[in-house]
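Predicted model only: the values in this text are computed from it and were never measured. Order of listing sets the numbers, starting from 1, for every ligand and every atom in it.
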Amino acid sequence: MSITLTMIKPDAVAAGHTGKIMDMIIQAGFRIQAMKMTRLSKEKAEEFYAIHRERPFFNDLVAFMTEGPIVAAILEKENAVDDFRKLIGATNPEKAEPGTIRKLFAQNIERNAIHGSDSDANAEIEARFFFSGLERF
Ligand code: IDP
Ligand code: MG
């Protein structure tokens with residue numbers, strides 16, 4: 001078993017899509033190891049997306065990710081990282097496959113509804129960013 005870390009982003013939470021998105025995730029075979037609603041501070045959003053610090057969209061991304069609450073969760077499944085990236089679809093929803101979460105719920109390449117880790121190592125780093133050992137089941 002492996003894990004991935006997801007955030008339902010502020011656009012999708014504000015639009016009331018949390019329940020539908022979590023249902024798609026569970027129906028796709030992911031087990032919830034931890035979950036919480038929270039709101040990122042500017043500092044925490046900058047830390048989470050530090051790899052993108054030099055990108056032109058960084059400040060807009062931090063503003064977006066701090067504009068309202070998110071739902072963070074650790075998801076467990078065989079091949080969790082790759083299978084979850086397939087379930088959510090491409091970063092740009094115009095390029096996402098039909099039936100993917102981003103195709104269904106994203107507005108554009110920035111306001112794209114959901115996050116998924118890009119590697120097993122980053123999944124564990126991102127899981128620990130949001131959750132202590134006592135919050136993982
Ligand atoms: P990912 O979320 O599909 O892994 P990344 O390249 O890691 O995509 O980018 C992180 C987040 O930054 C994206 O999910 C999206 O919200 C935002 N982002 C990525 N590329 C762009 C862009 O070209 N313009 C605006 N926002 C972007
Ligand atoms: Mg990424």
Side-chain angles (χ1 to χ4, degrees):
M1 281 296 170
S2 60
I3 61 151
T4 191
L5 185 284
T6 191
M7 296 182 283
I8 303 176
K9 295 185 178 183
D11 57 331
V13 173
H17 295 142
T18 302
K20 278 178 281 185
I21 290 171
M22 286 312 304
D23 191 51
M24 285 181 70
I25 291 169
I26 292 163
Q27 292 301 322
F30 292 86
R31 191 186 75 79
I32 299 168
Q33 197 181 93
M35 184 161 72
K36 69 170 73 162
M37 181 179 261
T38 186
R39 184 173 182 170
L40 291 170
S41 64
K42 182 168 181 283
E43 291 69 29
K44 292 295 274 183
E46 288 173 350
E47 182 186 342
F48 189 90
Y49 283 114
I51 187 120
H52 295 307
R53 189 155 275 166
E54 306 305 324
R55 308 285 284 277
F57 59 80
F58 181 72
N59 288 341
D60 282 350
L61 175 61
V62 169
F64 162 50
M65 289 302 298
T66 57
E67 74 182 28
I70 61 158
V71 173
I74 304 172
L75 305 171
E76 188 181 278
K77 188 182 180 298
E78 278 175 25
N79 203 32
V81 165
D82 287 349
D83 285 2
F84 195 70
R85 300 273 320 186
K86 285 197 194 86
L87 178 65
I88 70 178
T91 308
N92 184 348
E94 288 174 18
K95 296 180 181 162
E97 295 292 326
T100 59
I101 291 173
R102 281 170 167 166
K103 188 58 146 190
L104 289 167
F105 300 110
Q107 296 160 52
N108 55 49
I109 193 170
E110 176 183 273
R111 303 177 71 83
N112 62 358
I114 192 160
H115 168 82
S117 306
D118 64 7
S119 68
D120 289 347
N122 282 338
E124 193 55 44
I125 291 167
E126 292 173 1
R128 290 178 192 184
F129 179 91
F130 281 107
F131 300 99
S132 74
L134 290 171
E135 296 172 309
R136 295 173 69 165
F137 298 93

Any idea which heavy atoms bring Ala80 and Thr4 closest together, and the distance? CB-N, 3.9 Å

Greater than 12 external heavy atoms within 6.0 Å of Gln107's CD: yes

What residues sit with at least one heavy atom under 4.0 Å from ligand 1? Lys9, Tyr49, His52, Phe57, Leu61, Arg85, Thr91, Arg102, Ile109, Glu110, Asn112

Tell me, yes or no, whether the heavy-atom count around Lys36 atom NZ, taken from other residues, nucleotides or ligands under 6.0 Å, exceeds 12. yes

Lys77 charged N/C atom sitting above Phe84 aromatic ring, 6.0 Å / 45°: no

Examine Lys9 relative to Phe64 and say whether NZ or CZ is less than 6.0 Å from the centre of the six-membered ring and inside a 45° cone about the ring axis. no

Over all atoms of both residues, closest heavy-atom pair of Arg136 and Ile3: NH2-CD1, 3.6 Å

